[in-house]
Number of protein chains: 2
Amino acid sequence: MKKKLTIKGIAEMAGVSSATVSKVLNNTGRYSEETKQTILDLVKEHDYRPNAVAKSLRTRKSKTIGAIVPDITNEFFSRIVLAIENYCGELGYSVFICNSNESEEKELQYFKELELKGVDGLIYLSASDELFQMKTQRIPIVCIDRMPKFHNVAIITSDNFQGGMLAAERLIEKGCKNLLLVRDYRDGFPTIERVRGFEHVLRKHGLEFGEERTIKVEVGITQAKSAVDHYLQTYHKENALKFDGIFATTDWLAFGAKQALEGYGVNIPEQVKIIGYDNISLAQYTSLSSINQDKESLGKLAAERLIQMIEQETDVPSQMLTLPVELVERDSTR
Amino acid sequence: MKKKLTIKGIAEMAGVSSATVSKVLNNTGRYSEETKQTILDLVKEHDYRPNAVAKSLRTRKSKTIGAIVPDITNEFFSRIVLAIENYCGELGYSVFICNSNESEEKELQYFKELELKGVDGLIYLSASDELFQMKTQRIPIVCIDRMPKFHNVAIITSDNFQGGMLAAERLIEKGCKNLLLVRDYRDGFPTIERVRGFEHVLRKHGLEFGEERTIKVEVGITQAKSAVDHYLQTYHKENALKFDGIFATTDWLAFGAKQALEGYGVNIPEQVKIIGYDNISLAQYTSLSSINQDKESLGKLAAERLIQMIEQETDVPSQMLTLPVELVERDSTR
DNA sequence: GTGAAAGCGCTAACAG
DNA sequence: CTGTTAGCGCTTTCAC
């Protein structure tokens, strides 16, 4: 087991000091073209690569960021994460991915852990609105789809209000008169906006509805089944088809609703039309119309913004960027 | 912006040297109960936490591992990754997640990058069999579902041969006479085993089939559609239903096959029965029978094994652990 | 029981 | 243009 090659080793071989090697490796300071070549050759020959930990300790930069995600198992999130990782990878950043499972406690714990491990920045994804109040927040943060109450974070979100509007408009356009809203039981910021947009259009058309037209169900892959059950129950109680259109704030929810309806022999889209949200492949492959969020851009923009903040070292004012959404029509509303 | 608190700061406050503080923080060396208390109180009061980078540089341990994954967007992988992360989190390890996109080049690149960032170990997940030959492999590695050709790595895999057998047995048991195999176009280790198991049972029952009964299609979420198309084409050419049972080496493939059949008005399971592989939620929600792999155990065991290897610092011989699989029956074979 | 000192591998002044 | 020096924050002998 030969000894690990360090910058000093290269320096000795090249007959210069480690400082000089450091300079050519970082394109900083000055050095002659000649020594540069000698060093570069040596580096290549021995496949020397500088120890990132030492560098990190010295420079207080780790080329590492953290991403805190509610559930990587959910395609909506994993696609955002993938986009983040791809963009970061190109720029030499690595990313720690942490599953918070929506728990604030875990988020905080991860935050501390990541800070210690020296991440240069953090991306928070979450449907939840609440966000810890870090007094000593020294690293840049960008949030996706959440609206923290403190400053010095950038925010990337997609136009949830618009998404809700699009859904309502299409349903009404297709002749639906009695709409049903299937939503997450929690009131995360994105959900609230979607619902607001949806209701806004309903009102514009003189349609109104109260709680009894809104079903709040569990959300998440593991709970999708219970969503269906809950839905079935409610439907059963009503004992008659009281609606002809459904807007679900998630594709999984839409899928649950669809299965429940099919279980009762209801025809889609003839009797009931359905629109989901996120446009994950589940929607694509089960022919569910859905509001598409540009997951790739969401991730890429967040990473781009974060790295900007990291590398400029300048306190940018809290900014917000909103991406457009679009309706992807499939069989469930045709 | 107050100065960051270091071990020296605590030492000064406590009126001792940094060495002593280090000792109590790491339960190492000796110190009096009294100084221990003073220090611990100070630590708590100021919420001091030692800088992980410095510690890492000094000790050559980072409490960090890397996980190289083909595609985190694929639920099969993301669930394994989640299990890894959960287990590691409990033990204070963080994990870098890297998407290789099945590219060997990227794998190698990530490998080097991670090594530099000082990860203590690595987990490789992949359907691909080929694995780079690292001469200078200094950190422990565990592989999930791949069989590298060099030593000093632990291997966790699930019983793919058995999975193939289970599928064939059930299909035959249900009265299928002409089986079709839909498989990945690449010959990754897990696929090969599944096919071997499947064919083994066929032979036992005097059923034989050649290439014309085997469709090789693309795989992966983004290519699922093209799998369907490819399949449709082939089916179309045959111009008649030449089979009554399908075994697909992936749930996505099974789903593609199902959609193709439905597009042609073929009844499932009356005319054709289908069994997929992996048992991801897609299978669950589209009522596809599937061979279940215990994704949570796969991830947990891999992480457990890796951390053992890391902390024991002893060269364990190359080991292999095979997990059992089971058939989950749903409508597609009932 | 405790501290002084050395040093992990690298970079950033500052001299020369 | 290049080298010396002085750490980054922590752990670890080895003296006392």
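Note that the structure is a prediction, hence the values are computed from the model and not measured. Letters go in sequence order (proteins before strands), and every chain restarts at 1.
Side-chain proximity of A/T35 to the nucleotides D/dG3, D/dC10, D/dT2 is greatest for D/dT2. If you check D/dT2, D/dC10, D/dT12 against the side chain of B/N51, the one that comes closest is D/dC10. The listed nucleotides are C/dA5, C/dG9, D/dC1; the one nearest the side chain of A/R30 is D/dC1. Checking D/dT11, C/dC8, C/dG3 against every side-chain atom of B/R60, the shortest atom distance belongs to C/dC8. Here the side chain of A/R58 is nearest to one of D/dT4, C/dG9, D/dC10, namely C/dG9.
Residue B/K117 contributes atom NZ, which lies 23 Å from atom P of C/dC8 at whole-angstrom precision. One can place NZ of A/K55 at 18 Å from P of D/dG9, the figure rounded to the nearest angstrom. Taking atom NZ of residue B/K8 and atom C1' of nucleotide D/dT11, one finds them 14 Å apart after rounding to whole Å. Whole-Å rounding puts the A/K23 NZ to D/dT4 P distance at 11 Å. Between A/I39 atom CD1 and C/dT11 atom P the separation is 12 Å, expressed in whole Å.
Map B/E33 and A/L57 each onto its nearest nucleotide of DNA chain C; the residue landing nearer the 5' end is B/E33.
The existence of a salt bridge linking B/E304 and B/K300 is confirmed by a sub-4.0 Å separation between a basic side-chain nitrogen and an acidic carboxylate oxygen.
Residue B/T20 has no polar side-chain atom (N or O) positioned under 4.0 Å from OP1 or OP2 of C/dT2. An OP1 or OP2 oxygen of D/dG9 is reached within less than 4.0 angstrom by no side-chain nitrogen or oxygen of B/Y48.
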**Study point:** Stepwise side chain to side chain contact (heavy atoms under 4.5 Å, CB included) test for B/D294 and B/S158
**Key:** CA-CA 8 Å; B/D294 188 347; B/S158 73; over 6 Å; no
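For the residue pair A/K117 and B/S94, a side-chain donor N or O sits within less than 3.5 Å of a side-chain acceptor on the partner.
Inter-axis angle, ends of the helix from C/dG1-D/dC16 to C/dG16-D/dC1, five pairs per end, rounded to 10 degrees: 40°.
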